[in-house]
A.B. asks: 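Please read through the structure below; I'll follow up with questions.
On a predicted model such as this, the values are computed, not experimentally measured, just so you know. We use all heavy atoms of the structure for the numbers below, so side chains are in, but hydrogens, waters and symmetry mates are not.
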Amino acid sequence: MSAGNVDPGTTVYDVAVVGGGVVGCAVARLLSHHDLRVAIVEAGPDLGAGTSKANTAILHTGFDATPGSLEARLVARGYSLLNEYAPSVGISIEEVGAVLVAWDDEQAAALVNIAAKALANGYEHAQIIDRDAVYECEPHLGPGAMGGMLVPGEHIIDPWSTPLAFAYEAIANGAAALVNHDVVGCDVGHDVTVLRTRHGATLHARFVVNAAGLRGDELHRSLGLDGFTIRPRRGELIVFDKLSRPLLNRTVLPVPTSHTKGVLVAPTVFGNVMLGPTADDIDDKTATGSTRAGIDTLLAKGKRILPALMDEEVTAVYAGLRAATEHSDYQVSEHRDLRYVCLGGIRSTGLTASMALAEEALNRLIDCGLEIATAARTTAIRMTPLGEVDERPYQRGAQIVCHCERVTVGEVAAACVAPVPAVDFDGLRRRTRALAGRCQGFYCQAELCKLTGWGVAP
Amino acid sequence: MTLRDRTVAIVGGGPAGLSAAIALRRLGVGAVTVYEREQQAGGIPRHTDHLGFGMRDLHRVMTGPRYVRALARRANEAGVQLRVGAPVFSLDDLDVDAVVLATGVRERPRAARLVPGDRPVGIFTTGSLQQLAMAGQRVGTRAVIVGAEHVSFSAIFTLAHVGCRAVAMITPLPRHQSYGVLKLAAATVRRVPVLTGVDVAEIVGHRRVERVVLTNGRTIACDTVIFSADWIPDNELARRSGLAMNPEIKGPAVDATFRTSRNDVFAIGNLVHRVASADRCALDGRAVATEVARSIS
């Protein structure tokens, strides 16, 4: 299956980007601005449907990154790039800000260090506030906050439209998006690398970018390289009903540790409140199920942070796997002899850093010998915004099919003929929000079957 | 001003809303408009294709679809303005003398019940199952039904209708919550074991449901899970309008005349009862009409 303009069978691509998550799609988008034949090569049936679909949907300033690390630099750069790009193409984004809350003396004492770290990362707007100011900012917080730090630049963003916008733009510029192409091995030839897929297809490309996320280490090893091993870090999240949104003004962050940013409570651009994530290191790269222990942990933390949230209905529970490694930093490298660039170990900050990782990949591809035309070209694309603060089609009187999320018949139809079309209800949900609301299909599942022609039987 | 000059808006065109509208017109209210967000009025009974409707209000025994078609016809005959495809997002958009909220209930889906596990295809509520069945959609071959209320037993028959066998019905309660005759029918005709005092611990399956693991450790192979009952009022409009809520029901708090905390706003049907039968909701509609008429005359 392919979307885009090129026949995968006969083409020698200039660059094959393995992995159609937010990072791979960002890379393909940037490459497509140049006179290059580009393919996104995705193992699954849809783009943005792996790690990229289950995150906290926050555009981070990078205030708490490790100063001097590659991640710190790329998060800061990616923050600026995506902050500018998102509104220009209709990806919903809101500058709600964040407050980091200290819940004990030790955490309160740590705030000074975190503020210094923010400065070291070039973020100058963090501001330590006292207990009263914390409650003034967030009146519904539970008792026991000792103080906090405001990070006004933290944004919330639509995480599903972001990779799709990148891919749609790449396709508009001539790139191909190949789904159900699970790359299991690469043979590096003199000029061309042959990528072999699980189902026996082969692809030819001069250069290869590894944006394979959870399986990036496997692709890296298949090229005879080593240096990092992905150990998935599972994060479970609970999404609360939109009626809970007034309980929160901004994202409420915990004091982070080296292992995880911790459990946060954040508004979403769709108008929900999200609680999570947990951080469990596991071995199974497919274990995206939620667990009783995870849900109970989150509810216990949520009860302390925002007690009134516990009276609200839960709309969704899900889990995502971050591509964590034994290293604390991203594993980015270029290999001139292999005409190969690796973007490995892109953990939870991948959404924020995606556009900067694309720049990094392009520069390193050039270092590997990729020539690019000087004149860049771009085709403007436009997404239909899905956020609460954006104007949406239902507000112009269009017929609604999903009432919880106010998704119109026209939006469903458009998703089915998008540059990378939705092929199942999961893809439809990420493109339109249909079925993502509080009733989870009680009212509209049958109608959506009728509109899409898809069934629900095995 | 007489009732003839008065206007009433009814939000929700199920049995309660339609019955209220008919009664208000019969009492002489000049303009009665029902706002129904779906393309057809009728609410949940539209998809409940079995007998048992209309006994208390129309004194007949009908199927759900026939029952609400009869109500819609009566509404038209009574001069009710029935607007379909007409969602109401804010009470501020309605310029009327009184509003009756009749937005009904839904079943809590899997996530709202905090059931852990994978998120494969094959997980439905009874409501979506009934709609899928009426649309001629197949759902699967082996289903586990979660819940043992009246609607859960009706799910057995809906499943059979689409060629799906109910392999177990489970409920955390010590005993099932339905009428004995239905349980007998389920147990004998369909041979569905009812497991009480146990709940779903985990749903397993990558693309498609493969099995459920129960809290007692037992595993049941199935490709479909039906989450039934566990009703919650569709309270969004009531809450966004700032109405005082009944924390137990999660619908708006009402007095004996169905009046909410706002003088000109009434609430009826399962928005305030949660698990009443359709004809009882319809009787609410008749009763509220008298109160609304009194309050605006």
A.B. asks: If you count heavy-atom pairs under 4.5 Å between each of A:D424, A:V239, A:V317 and chain B, which one has the most?
C.D. replies: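 The option with the most such pairs is A:V317.
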
A.B. asks: Chain A heavy atoms under 4.5 Å from B:V139: which part of the residue, side chain, backbone, both or neither?
C.D. replies: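 Both backbone and side chain.
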
A.B. asks: Can you say whether B:F227 sits under 4.5 Å from chain A via the side chain, the backbone, both, or neither, judging by heavy atoms?
C.D. replies: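 When you check distances to chain A, no heavy atom of B:F227 falls under 4.5 Å.
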
A.B. asks: Within the 4.5 Å heavy-atom criterion, are A:D426 and B:V121 side-chain neighbours or not?
C.D. replies: no

A.B. asks: Which bit of A:D311 is near chain B, if near means a heavy-atom gap under 4.5 Å: side chain, backbone, both or neither?
C.D. replies: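 Answer is backbone: N, CA, C or O of A:D311 sit under 4.5 Å from chain B.
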
A.B. asks: Can you check whether A:P45 reaches B:R207 side chain to side chain, under 4.5 Å on heavy atoms?
C.D. replies: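 They are in contact (side-chain heavy atoms under 4.5 Å apart), so the answer is yes.
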
A.B. asks: Below 4.5 Å from any heavy atom of chain A, which atoms of B:T125 appear? Answer side chain, backbone, both or neither.
C.D. replies: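 B:T125 touches chain A through side-chain heavy atoms alone.
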
A.B. asks: Is chain A contacted by the side chain of B:R37, its backbone, both, or neither, given a heavy-atom distance below 4.5 Å?
C.D. replies: both

A.B. asks: So which residue, A:Q445, A:Q440, A:E313, A:E236, ends up with the most heavy-atom pairs under 4.5 Å with chain B?
C.D. replies: A:E313

A.B. asks: What distance do B:Q137 atom CD and A:C449 atom SG have between them, rounded to the nearest 0.5 Å?
C.D. replies: 4.0 Å

A.B. asks: Counting only non-hydrogen atoms closer than 4.5 Å, does B:R119 touch chain A with its backbone (N, CA, C, O), its side chain (CB onward), both, or neither?
C.D. replies: side chain

A.B. asks: Taking side chain as everything from C-beta outward and backbone as N, CA, C, O, which of these in B:H47 sits under 4.5 Å from a heavy atom of chain A? Side chain, backbone, both or neither.
C.D. replies: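 It is neither, since no heavy atom gets under 4.5 Å.
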
A.B. asks: I'd like to know if A:K242 pairs up with B:E236 as an ion pair, taking the criterion as any Lys NZ or Arg NE/NH1/NH2 lying under 4.0 Å from an Asp or Glu carboxylate oxygen.
C.D. replies: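 Not counted as a salt bridge, because no side-chain N and carboxylate O are separated by less than 4.0 Å.
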
A.B. asks: For residues B:F89 and A:Y394, establish whether the separation of their ring centroids is below 6.0 Å.
C.D. replies: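 Between A:Y394 and B:F89, which both carry aromatic rings, the centre distance is below 6.0 Å.
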
A.B. asks: Please determine if B:R239 and A:E312 form a salt bridge, counting it only when a charged side-chain N lies under 4.0 Å from a carboxylate O.
C.D. replies: yes

A.B. asks: Rounded to the nearest 0.5 Å, what separation is found between the CD atom of A:Q399 and the CD atom of B:Q39?
C.D. replies: 3.5 Å

A.B. asks: How long is the gap from CG on B:D234 to OH on A:Y443, to the nearest 0.5 Å?
C.D. replies: 3.5 Å

